[in-house]
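Read through the structure below, which is laid out as structure tokens, and then see the notes.
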Amino acid sequence: MLIDIDAGRCIGCGKCVRDCVGTNLLVEDGVARVKGRCILCGHCVAVCPTEAVSIPSYDMADVEPSAPASATLDAATLLRAIKSRRSVRDYRPRPVERAALELVLQAGRYTATAKNAQGCRFVVVQDALDEFKGIVWDGIDGLLALPPADKPRWVKLYKPFSRGRFADEPVDFLFRNAPAAVFVAAGRADDAGLAAQNMELVAASLGLGVLYNGYLCRAAEELPAAKTFLEAEDRPLQVCMLLGYPAVSFPRTAPRLPGDFVVK
């Protein structure tokens, strides 16, 4: 059974029927019933006023009362937080605590996905970051050493990054000095992007900074050894975020071009 309805608790109000995106429910003899077609979105669980609905294949202990309207973040405050975010390229030498990582990951897990696929895999590399750096740079340097005709076109973009590691003042432009790298692997780029945005908002609330790193994401996607390390062979890497506590502060928001809005 995809959905379980406790007939003793159900009051036949029909709220779950009206809110079911798959028209999978009906009220019969004063009790909600399941027709059979379902994407397990959980709306019926969330909308039921008597807690009569459950999904046996999910961890129902994870369900909690929704935040009351009085606890909703003020819109102006939220917008100011969004305006205040910056791409962080310099981090303090402090690891991200497991509890903080868990909150960031839960924000990604609870993000909406197309057709409720929940197909994102979230990979955090922190304790093994040095090992991962070695895999990525060995792969890039090995490809850069190939004859010009044999070099993949994508790897040529990484030549200045490789040189930067051996400059008089070495800089690793792929990893910076971030203590952690977070990847989102998913079949759909929009699913991964939405998850990453929610994750960044929670990260910011914890005092963490993020840098979206397309170059590192591309390299990890192209290098088989990196894909294997990240346990993402079965789906593409869509997003990479460097994560850590910023070593720089920004006392003001930055200006932007006028918005390109169309409102009809």
- Min side-chain heavy-atom separation Cys13-Pro49 under 4.5 Å: yes
- Query: Among all residues two or more places apart in sequence or in another chain, which pass the side chain to side chain contact (heavy atoms under 4.5 Å, CB included) test with Ala185?
  - Reply: Arg121, Ala232, Arg235, Leu237
- Query: Does any pair with a residue in residues 15-24 pass side-chain hydrogen bond (donor to acceptor under 3.5 Å, both in side chains), and if so which ones, sequence neighbours excluded?
  - Reply: Asp19-His43
- Message: Any non-hydrogen side-chain atom of Phe173 less than 4.5 Å from a side-chain atom of Arg165?
- Response: no
- Can Leu216 be reached from Val239 by stepping across I, L, V, M, F, W or Y side chains whose heavy atoms are under 4.5 Å apart? no
- Do Asn213 and Phe175 come close enough that some side-chain heavy atom pair is under 4.5 Å? no
- Task: Go through the steps to decide whether Leu2 and Val34 satisfy the test side chain to side chain contact (heavy atoms under 4.5 Å, CB included), and finish with yes or no.
- Result: CA-CA 9 Å; Leu2 295 175; Val34 181; 5.8 Å; no
- Note on the structure: Closest non-hydrogen atoms of Ala186 and Ala192, given as atom of the first, atom of the second and distance, are CB-CB, 4.2 Å
- Work out which heavy atom in Pro251 is nearest to a heavy atom in Ser249; give both atom names and the distance. CD-O, 3.7 Å
- Between CG on residue Asn177 and CG on residue Asp172, distance to nearest 0.5 Å: 9.5 Å
- Message: Please report the interatomic distance CD(Gln238) to SG(Cys120), rounded to the nearest 0.5 Å.
- Response: 8.5 Å
- Decide yes or no for Lys151 and Leu143: does some side-chain heavy atom of the first lie under 4.5 Å from some side-chain heavy atom of the second? no
- Are Val171 and Trp137 connected, step by step, through hydrophobic side chains (Ile, Leu, Val, Met, Phe, Trp, Tyr) whose heavy atoms are closer than 4.5 Å? yes
- Query: What's the verdict on side chain to side chain contact (heavy atoms under 4.5 Å, CB included) for Phe229 and Glu131, showing C-alpha distance, side-chain angles and the deciding distance?
  - Reply: CA-CA 9 Å; Phe229 180 90; Glu131 180 184 355; 3.6 Å; yes
- Query: If you count the non-hydrogen atoms of other residues, nucleotides and ligands that lie under 6.0 Å from CZ in Arg80, is the total more than 12?
  - Reply: no
- Please identify each residue that fulfils side chain to side chain donor-acceptor pair (under 3.5 Å) with Arg218, with sequence neighbours left out. Glu222
- Note on the structure: So CD1 of Ile5 and CG of Leu25: to nearest 0.5 Å the spacing works out to 5.5 Å
- Task: Output, in order, the C-alpha distance, side-chain angles, deciding distance and verdict of side chain to side chain contact (heavy atoms under 4.5 Å, CB included) for Asp4 and Val53.
- Result: CA-CA 6 Å; Asp4 183 62; Val53 188; over 6 Å; no
- By ring pair (Phe, Tyr, Trp, His ring centres under 6.0 Å), Tyr215 pairs with (sequence neighbours left out) Tyr158, Phe161
- Task: Take atom NZ of Lys83 as the centre, draw a 6.0 Å sphere, and report whether it contains more than 12 heavy atoms from other residues, nucleotides or ligands.
- Result: no
- Pair Asp138 + Lys133: basic N to acidic O under 4.0 Å: no
- Task: Answer yes or no: is there a side-chain heavy-atom contact under 4.5 Å between Tyr91 and Pro179?
- Result: yes
- Could you go through the side chain to side chain contact (heavy atoms under 4.5 Å, CB included) check for Val96 and Leu208 one step at a time? CA-CA 8 Å; Val96 181; Leu208 293 162; 3.9 Å; yes
- Do other residues, nucleotides or ligands put more than 12 heavy atoms under 6.0 Å from the CD atom of Glu97? yes
- Taking all non-hydrogen atoms of both residues, which atom of Ser87 and which atom of Leu211 are closest, and how far apart? CB-CD1, 3.6 Å
- Query: Which heavy-atom pair separates Arg109 from Gln106 by the least distance, and what is that distance?
  - Reply: NH1-OE1, 2.9 Å
- Task: To the nearest 0.5 Å, tell me how far Cys240 SG sits from Tyr212 OH.
- Result: 11.0 Å
- Give a yes or no on whether Ile135 and Ile140 share a hydrophobic cluster (residues Ile, Leu, Val, Met, Phe, Trp, Tyr; joining criterion: side-chain heavy atoms under 4.5 Å apart). yes
- Would you indicate whether Lys115, at its atom NZ, is surrounded by more than 12 heavy atoms from other residues, nucleotides or ligands within a distance under 6.0 Å? no
- Arg94 atom CZ, neighbour heavy-atom count above 12 within 6.0 Å: yes
- Message: Hydrophobic cluster membership, with links at side-chain heavy-atom distances under 4.5 Å among I/L/V/M/F/W/Y: are Val184 and Val123 in one?
- Response: no
- Task: Could you tell me whether the side chain of Asp90 and the main chain of Pro246 form a donor-acceptor pair under 3.5 Å?
- Result: no
- Query: For residues 177-199, which residue pairs qualify under ring-ring contact (aromatic ring centres under 6.0 Å, His included), counting only residues two or more places apart or in two chains?
  - Reply: Phe132-Phe183
- Closest non-hydrogen atoms of Ala203 and Leu243, given as atom of the first, atom of the second and distance, are CB-CD1, 4.0 Å
- Item | pair Val125-Val182: side-chain heavy atoms closer than 4.5 Å | no
- Message: For a quick test of reading the model, state the closest non-hydrogen atom pair linking Val45 to Ser54 and the distance between them.
- Response: CG2-CA, 4.1 Å
- Message: Using a 6.0 Å cut-off, check whether atom NZ of Lys159 has over 12 heavy atoms from anything other than its own residue.
- Response: no
- Note on the structure: By side chain to side chain donor-acceptor pair (under 3.5 Å), Thr111 pairs with (sequence neighbours left out) Asn198
- Item | Spacing of Leu40 atom CG and Asn116 atom CG [to the nearest 0.5 Å] | 7.0 Å
- Val31 reachable from Ile11 in the ILVMFWY side-chain graph, under 4.5 Å edges: no
- Item | Expected output: side-chain Lys227 to main-chain Glu221 donor-acceptor under 3.5 Å | no
- Message: Please report the interatomic distance SG(Cys48) to CZ(Arg9), rounded to the nearest 0.5 Å.
- Response: 9.0 Å
